[in-house]
Amino acid sequence: MRKNPYVPFKAAIRGIRRETGDVSTFLLEPESGLPPGAPGQFNMVGYPGVGEAPISLSRVPMEGSDLLEHTIRAVGRVTYFLSAFRQGDEIFLRGPFGRGWPVNEAGGKHLVLISGGLGLAPIRPVIQMSDKLQARRITLLHGARDPGSVIFKTEFRHWRKKGIDVRLTVDEPGGGWRHHAGMVTEIVRELQIRPAETVAFICGPEIMMRFAADELFLKDVPGSSVYVSPERRMRCGMGLCGHCQHGVWFVCKDGPVFSYPELKGYPDALF
Amino acid sequence: MNGENTSQKNYEILISRQQLASWVEGLRENFQLIGPVGVKDEAEFREVFSFDEINPGYRSTMLPPGKTFLLKPEEEILSFDITPEGPVAKEPPLPHQKRVLFGVHACDTHAILYLDKVFLGAFPDPLYRARRENTLIISLNCRAVTEFCFCHLVGAGPFLKAQSGYDVLLTDMDGEFLVELKSERARKLFRIEGRPPEEKDWKRKEEMELELLKSFSKDFRADGLREVFLSRPDHPALRETAEGRCLSCANCVMVCPTCFCHDIYDETRVSRTGIKRMRRWDACQDYSFARVHGGNFRQERQARLRQFVFHKLDYEGQFGVKGTVGCGRCIRWCPTGIDLTEIAKEMMK
Amino acid sequence: MPFSSGEKWRPRAGFFKFSCCTGCGFELAYFQRSLEDTLKSFDFAFFRLASSSGDFDSLLDLALVEGTVTEPFQAVELKKIRKNSAVLYAVGSCAIAGGIPAIKAGGLELEIEKRAYQKKLYRLTSIRPSVLGDYVKVDGCVRGCPPGRHDLEEALVSVLLDRKPEFIEYSVCVECKMKGNICLLVDEGLPCMGPVTNAGCGALCPSCHRACYSCFGLMGQANIPALKDKFRQLGLSGEEIERRFTLFDGLKLKK
Amino acid sequence: MKIKIDYLGRVEGEAGVEFEIRGGKLRRLRINIWEPPRFFEGMLVGRSFDEVPDIVARICGICPVSHMVTSIRAIEKAIGFEPDENVLLARKIMSYSQIASSHLVHLVMLALPDYYGRSSFMELLPGEEALLKKFIRLKDVFNGITAAFGGGRALHPVSMVVGGFTALPDEGRIRGLRSGLPAAGEDMMDVFKTVSALELPDLKTDSELVALSEEGGYAVNKGRISSDMGLDGEEEDYERLFHEKEVPYSNAKKTAVRGRGALMVGALSRVSLHPDRLSESARKLALESGLAGKNKNPFYNIRAQAVEIVHFTEECRALLDKVQSGTALPKLRPKEGEGAALTEAPRGLLYHRYAVDRRGVVRKADIVTPTAHNYLGIEENLRRLIENNIDKPAERIRLLAEALIRAYDPCFSCSVH
């Protein structure tokens, strides 16, 4: 981290992979000094004159490579602007910020990863380091709106090869869809687990996280083994600007990953 | 003679108003002097050029001194030059103006300590830190309270009990001033011969505080609030106040000495020759404050009002202290007189 | 890249006027501080106030439209402008909320017309005042009468940088407090519209000891009944209160 | 041959012109002011007297100060209030700086391109960079003065209200405004040279020159009605002296001098009727520019505007030395009554008249604007101009016609209101 935490790092775009109509993954090479970050953490990504937006790392630098990835949907002011960028352009990063997934807790456990839509992006680094987790078993449950909006499509095969049980579902199946159709909660329900030996990381729309967690609780998974990563408006990423406050928490610095009981009961959220 | 005791003794001195005036004015040689000017609740903190401009008996100000002078309403936190290689970040020069904030009441001193927790935490804010280090804080115990004050209920006044984090504590002892030096730099700056306070003086001070405590009119029970808040977030007291009276104007937040929230935005002119990254006081009462693409976590007026009330009266888990210092400004300056202590009382019923 | 490359893109812009004082046009062409840069940065394909040539049917990167729709032909023109423009911003209180021309909508319109014309009345084609948003999709609102500095510049820059605009959405009180003005409503009981009015002016009126008269229009989160209650408590009559809320926002309140 | 200009550019508001030339004769000339009516006179009824200035300011985006000052004076007469001397000084500063600013817009942005054969002043670049820079500097000076006295903005100012000003700038601010004027004077002389070097078309007219007249000064915010044909009266006499008529093909009304006919108001009328009341240097420039002595060629209006900018720059300087900062606004009590006021707006004579009831609610409003005063004359003189040039090519006639209308600096938004 630089002395002045507001000064961003430049990062060169080394590649752009189109995931869906409006989602792209940027392969980035930051200038030296940017700390690598951990799964579940995020960077403030932006460009001068436009602003910054919190975007989670969809790949953390590892094994001698400084490259990191951000998967971005072009919807907000910053993300829409960045969607026009090309390979070779530079963007600006600050971070990484926040508390990531408690990957150490997966050791010896059944790690259940549940994601909806773009929520797979912050989960992906966990999968990429699955060899190191020493989890007994890893299951990925991923839901999307329709087959066209499934991100990281080409990687599922590779993940399965690594021994990860990947189960997909879409709300609106189209022709040729060979996986489950329906809400992600439905495939959570079908899951066979031993509650005391399970740890779950959930990321997606708030309502999906809540229902997915509820399914796990019905299976007697303790709340403290369920982790969620909510989204909030953020301007600084460091617990100063106050926008992301939720109850006593600053989602940016105390989270974005929280155990379910930490969030439970605060108003203005679905937990 | 025990050296430590001697110096300890010298940390507390009684001096005349005249002596205080000449000391404070003398500080102007090296410091910009900011003090309360004006009467009643409409006094304001601004630069003064002689001690006579200051009203040590002021009751309150609309804008709090700490937030106004340490976290300016609006300022540039970064700029970008446009070069052929793209934008290049430039840090603004750190503020070097040495300042005295004179006459900061107990509540406002506590508010500064609160802001310290935010801006000098894990990610110290360079501009705040520079201003904080350059600012000598001379606190002043209140001699009168307003009908809006409730510092006594939240442990922030009316007399200042904090022992550090500021420089000098003054108490107006009916003409004489009791000076308590609370920092090393204050000890170095204060070289006035005065009378050491005696037992009776301390007693008098205590009596003054007890006297003052009788003049508060606000009363509510702060403990046990948390359970009520969390179990009844849509309590009618909140809902009815929000719908019937809350204007979403954000005056409460603007005048709050502990409300630290700010927006960060880029200012770009049509010329596109440079960019200023600005910060500006922001408020949870604004519609867009908690909005993200595809949703607004506090879409309803009630949710926004609740955020303010809960953050002030509860959520101690955030920094270990309450978000309020009981200055009562949010009540005083609410156009429809919304009173968070009344809401709390209603909810506790 | 919007900043780095040598060749400069000059977006094609159009400025259109419906029923209004042309103040927004003057603000853009004369009063605002970025005048020179605006002229150099944009290619104005249509701007009657500034040019006697110009192509109404030109395809545009940016259409700025001022004025209230009070004639049928304006609605037709507006739809055409919308079709031709990538981005369309409503500029000024008239286009956004009806503004002063919409005061008429609050009364008996024929009576009001009669007071201005006697003989010509049957030749008039005026319709009930309405805002741009009633006819077309508006991409953003540059509020004010005349438009505020920040939002006007934001509108222009958003097109130059090809990014979404971020217009001011908070109350005048926010700007007023930041200036340190002692509150006129609380302290002096003046019927100030600041708490419900969208900021952007820089709290001009309260800064010169005048109650805000809401020329920037009501903000999105305005609590109108609550401020009306407050005004009643200050002793204002129902008529006086109505007048304050219908000076620039007659149409919004009708709905 | 039919010539039709549907939408006249570079004027304030919306109007078109059409005429036919057949057999060497001009037929069917009409200026159709199709600017949509907003019915100000209708909607003012029922509003409170203290809202009127803010509402009428919105008649026009370039001369809001004139509408405000005129309505304020009319209402003050109606409720029987007389403001103090300092308020009158401040109002003069508002009007003078606004006229200078409005003239500047007309000279550089609206009229000048006609003489360069361009369609907009943006096209004067590159080549006239220096002129543009001076224009921007001058605009900042004059707008700065209007804004400082108007409570922060020059367009639709806020601090000028019935009874006076809610606040006036402090002394430091006034000194700052004043210090910008000498440099503005120099810039203005350069603009003046540019304008006076333009070759103006010849046109003899017999419009009656009408302007306010005030002893010992150059009348702007008040005065007696005067003309080169002996018209004389108080503002209360206005309706006796002038006559307003509705026109089927236009949303603006036409005003005439009762019993006589077309009149001309504006800078040219003011300067050529009362050159002796101008500041010394402005008077000298007026004489050199052929403006004194009842000049009735409307094309000379732009020279008269340039002279007036010089005059008002100097007048502002003098007034800024005199005006006091700070103000106490009296509490006004409404009272039943009627009041009329006449002022000189940038484009000429402006008339407002109001009747208010005992609660201060407007019961009747009447507004006649400079362009309504000029309307008849513009049409008549346009006819004359075309007849004088009837053998010229159509395009030339069209450009001449546009240039003439623009020379009047018409404001169609005002004329319809």
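Convention: sequence-line order gives letters A, B, ...; per-chain numbering from 1.
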### Per-residue contact mode, D/Glu129 against chain C (heavy atom under 4.5 angstrom)
side chain
### Query
Hey, is C/Arg243 close enough to D/Asp50 for a salt bridge, meaning N to O under 4.0 Å?
no
### Query
Of the backbone (N, CA, C, O) and the side chain (C-beta and beyond), which part of D/Ile55 lies under 4.5 Å from a heavy atom of chain C, both, or neither?
both
### Task
Indicate whether the side chain of C/Ser53 and that of D/Ser119 have a donor and an acceptor atom separated by less than 3.5 Å.
yes
### Message
Testing the basics here: between C/Glu71 and D/Pro37, what is the closest heavy-atom pair and its distance to 0.1 Å?
### Response
OE2-CD, 3.8 Å
### Query
Given a strict heavy-atom distance threshold of 4.5 Å, which part of C/Gln32 is in contact with chain D: side chain, backbone, both, or neither?
backbone
### Message
Which atoms of D/Phe40 are under 4.5 Å from chain C, going by heavy atoms: the side chain, the backbone, both sets, or neither?
### Response
side chain
### Lys/Arg-Asp/Glu bridge criterion (N-O < 4.0 Å) met for C/Arg244, D/Glu51
no
### Query
If we only count heavy atoms from C-beta on, is the D/Lys364 to C/Arg115 side-chain gap below 4.5 Å?
no
### Task
Search all heavy atoms of C/Ser52 against all heavy atoms of D/Glu402 and return the closest pair with its distance.
CB-OE1, 4.1 Å
### Task
Decide whether C/Ser19 and D/Arg38 meet the rule of one side-chain donor and one side-chain acceptor closer than 3.5 Å.
no
### Query
Taking the six-membered ring of C/Tyr117 as reference, does the NZ or CZ atom of D/Lys253 fall below 6.0 Å from its centre and within a 45° cone about the axis?
yes
### Query
Is C/Arg48 paired with D/Glu14 through a side-chain N to carboxylate O contact shorter than 4.0 Å?
no
### Query
Do the charged groups of C/Lys17 and D/Glu35 touch, with an N to O distance under 4.0 Å?
yes
